[in-house]
Amino acid sequence: MTEPDPDRDLEMEKSLFEAPPMAEQERMVEAILFATADPVTLRELIGRMPHGSDPARALEHLRRRYEGRGVAITRIGEAWAIRTAPDLGFLMQQEVVETRKLSRAAIETLAIIAYHQPVTRAEIEEIRGVGVSRGTIDQLIEMSWIRFGRRRMTPGRPVTFVVTEAFLDHFALENARDLPGLSELRAAGLLDNRPPPGSEGPEEGEGAGEGDAQSGLFDDT
Amino acid sequence: MTEPDPDRDLEMEKSLFEAPPMAEQERMVEAILFATADPVTLRELIGRMPHGSDPARALEHLRRRYEGRGVAITRIGEAWAIRTAPDLGFLMQQEVVETRKLSRAAIETLAIIAYHQPVTRAEIEEIRGVGVSRGTIDQLIEMSWIRFGRRRMTPGRPVTFVVTEAFLDHFALENARDLPGLSELRAAGLLDNRPPPGSEGPEEGEGAGEGDAQSGLFDDT
Amino acid sequence: MSDDEFETAPTDVAARLAAEALIVDVDGFEGPLDLLLTLSRTQKVDLREISVLALARQYLAFVEQARALRIELAADYLVMAAWLAFLKSRLLLPPDPEEEGPSGEEMAAHLAFQLERLEAMRGAAAKLMARDQLGRDRFARGITEDVSRVRRVAYTATLIDLMQAYARIRTKDEFRPYAFDRSNLLTLEQALERMRPLIGFAGDWTDLTSYMPDGWGGDPVRRRTATAATFAASLELAKEGSIEIRQGESFAPIQIRRKSP
């Protein structure tokens, strides 16, 4: 049926006053539906095809032929059109990926979370010495680089942040503990998270120390 | 193969990181080509299909599938498009877009550019034995049938003209090599650029000869 | 062409009609090469066997007629006529061994080639236009779907970025950016501000050091900056013509006084 028909022209010739064969009618419906700028009604098909054609039947053949294909013969009200198969709609979207460097605020926040996890927002702000915007945290969460850890057992039960596996993946780390320079920084006493003088030191939870810092990573709260 | 595949979703799911099966790729190419009036390059197909897809092979399958049908998978230079079968044009009277009628000068100029490309304006004038009006070139450029090729490496570095993909598409040519009668004309020496006897032959750059003439089409200056 | 008619019916009316026909014809030709191609058809032979001499005669006769009928011919046609007249003479006269340039035969062969090539391109153009054309015989998709472009921003950072960011935070107290310590610095503006009201009283030569602000003479750092600023301010005042400066010799005290108006 899909073979080109060498006798086609001959047949067309002799059938000037009779309807072309069904296979030919199917081709015609296919071409008309393809090229017409709007869905085509049956009446329109009848008007455009040679006298005596049966476009309803041709359309039915064609519809079956396109079953399961990348496009489908679709009925739209009283008219017919060829449309993309619903499951392939995603091909009609083209994602343009734009790569940008993470902002300074975001990278600093991320670094603090990586080195100090689990860490609360208040702690991040204390370490950075500057406020952390909601947007920065949201951005890092959206990138799947940080997630919520368990709540801190201190007044107000603040939420903590930890880095994710996606983060480890991106930076090719087995573990946040592997962060280069972490031990060196600690040896230099630079990782001491001293409470600001005079404060009651809300971070007694920190006392659990390093083990805790890492375990937070794989605990699903 | 035309049956809807109940396992398709499942397959799609598990093959997130591998290329979809060939039948699926064929459907995708089909959907993409059906969705646009413009030829789609292989590169664009690769960009839009899932990673690891082989649209060139899918296209080959698809092209065979549509043989003898009311529409055909058509190659246009480095791109592909679906066009209605030429024998069904009579059904499409409603779709005919009235194009501005080309003057005899424009048609001849177009043919000379197609058969002699890349060709300079002076060469076109030499072949026609008469000046080429600015309007003629402008019209052909406006129709997107010709464009500037690279400059000729002869004194004055004249600009050359070549035909475009839209030209190939319009005249149902896969390739500029498929121009009707091209090889006969070449064999008869009628595509040679023979300088008039006694002239100093300013076109020594011409030596590059025929190979050059055709390659111009796909070389981006 | 209509040579015969001119001879057999040389009436004014016929001549005028023919003249009009000629104008139309000349307009209808795409240049002299096209005219030659049309004339060559009267020879009814393959273009390769055409008699260029006969063709040249026909062309020149055509141009003569046009002249006789006072038809303005485009310069192209006249250039071709001159060239053909030259070609004709070369073809008819025995070759002059003294003369340089191409022979009549070479020129004739080239003209024949040009005619054949033009005719070939005409044929090619006709074949091209006879092909199935898009929008006439073949059609593109009628209902198209736009590919929507979804812009997604992917943020990246490297491990180095991360470490540097962390080091920056943790060490910002030790390594703050270098900045002048302003508490021990007398600026030029401050010195100027101080000197302006004072110079009004300096009718006579006064030592520059006496203009230094109090409390800036003891500490060497403060004295140096105060001296430099005051001196610079004095130069500024001298430049604007408010004071005069003098110095007895090298390293001698610098003295200033108000410049008399």
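A note on names: the letters A, B, ... follow the listed sequences, proteins ahead of strands, and every chain is numbered from 1.
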Rounded to the nearest 0.5 Å, what separation is found between the CG atom of L182(B) and the NZ atom of K127(C)? 10.0 Å
Under 4.5 Å heavy-atom distance to chain C, tell me which part of E126(B) shows up: side chain, backbone, both or neither. both
Are E145(C) and I32(B) side-chain neighbours, meaning at least one heavy-atom pair lies under 4.5 Å? no
Can you pull out every salt bridge (charged side-chain N to carboxylate O under 4.0 Å, His left out) where at least one residue sits in residues 111-120 of chain B? Sequence neighbours excluded, please. none
Polar side-chain atom of T144(C) near backbone of A37(B) as donor-acceptor pair, under 3.5 Å: no
To the nearest 0.5 Å, atom CZ of F171(B) lies from atom CE of M129(C) at 4.5 Å
Could you tell me the separation between the CZ atom of R194(B) and the NE2 atom of H110(C), rounded to the nearest 0.5 Å? 8.0 Å
Using heavy-atom distances under 4.5 Å, tell me whether L37(C) contacts chain B through its side chain, its backbone, both, or neither. neither
Mind ranking L110(B), I112(B), D169(B), D38(B) by heavy-atom pairs under 4.5 Å with chain C and telling me who comes out on top? D169(B)
CD1 of I127(B) to CG of L118(C): how many Å apart, nearest 0.5 Å? 9.0 Å
Determine the minimum heavy-atom distance between P86(B) and D132(C), stating which atoms define it. CB-OD2, 2.9 Å
Nearest atoms (heavy-atom pairs only) where F139(C) meets T84(B): N-OG1, 2.8 Å
Could you walk me through whether R122(C) and I107(B) pass the side-chain contact (heavy atoms from CB on, under 4.5 Å) check? CA-CA 9 Å; R122(C) 295 258 160 91; I107(B) 292 170; over 6 Å; no
Within this structure, what is the CG-CZ distance for the pair D137(C) and R83(B), rounded to the nearest 0.5 Å? 13.5 Å
Who pairs with E105(C) by salt bridge (charged side-chain N to carboxylate O under 4.0 Å, His left out), at least two apart in sequence or on another chain? none
Bottom line for I82(B): the part with an atom under 4.5 Å from chain C's heavy atoms is backbone
Grab the two heavy atoms, one from V130(B) and one from G31(C), that are nearest each other, plus how far apart they are. CG2-CA, 3.7 Å
Set of side-chain contact (heavy atoms from CB on, under 4.5 Å) partners for A56(B), sequence neighbours left out: L42(B), D54(B)
Heavy-atom distance under 4.5 Å to chain B: side chain of R141(C), backbone, both or neither? both
Residues 80-93 of chain C: residues contacting chain B (heavy atom under 4.5 Å, by number): none
Is it the case that over 12 heavy atoms from other parts of the model lie below 6.0 angstrom from the CZ atom of F34(B)? yes
Using a 6.0 Å cut-off, check whether atom CZ of R43(B) has over 12 heavy atoms from anything other than its own residue. no
Looking only at heavy atoms, which two atoms of P180(B) and L128(C) are closest? And how far apart? CG-N, 4.4 Å
Quick check on A105(B) against chain C: is it the side chain, the backbone, both or neither that has a heavy atom closer than 4.5 Å? both
Let's test your reading of the structure: which of A72(B), A35(B), A188(B) forms the most heavy-atom pairs below 4.5 Å with chain C? A35(B)
Of all heavy-atom pairs linking R117(C) and H116(B), the shortest is CD-CE1, 4.3 Å
Any sub-3.5 Å donor-acceptor pair from R138(C)'s side-chain atoms to A85(B)'s backbone N or O? no
Test item: R131(C) and L173(B) side chains (from C-beta on) under 4.5 Å apart, heavy atoms: yes
If you measure from CG on L191(B) to CE on M121(C), what distance do you get to the nearest 0.5 Å? 6.5 Å
Heavy atoms only, distances under 4.5 angstrom: which of G129(B), A111(B), A172(B) has the most pairs with chain C? Name it, please. A172(B)
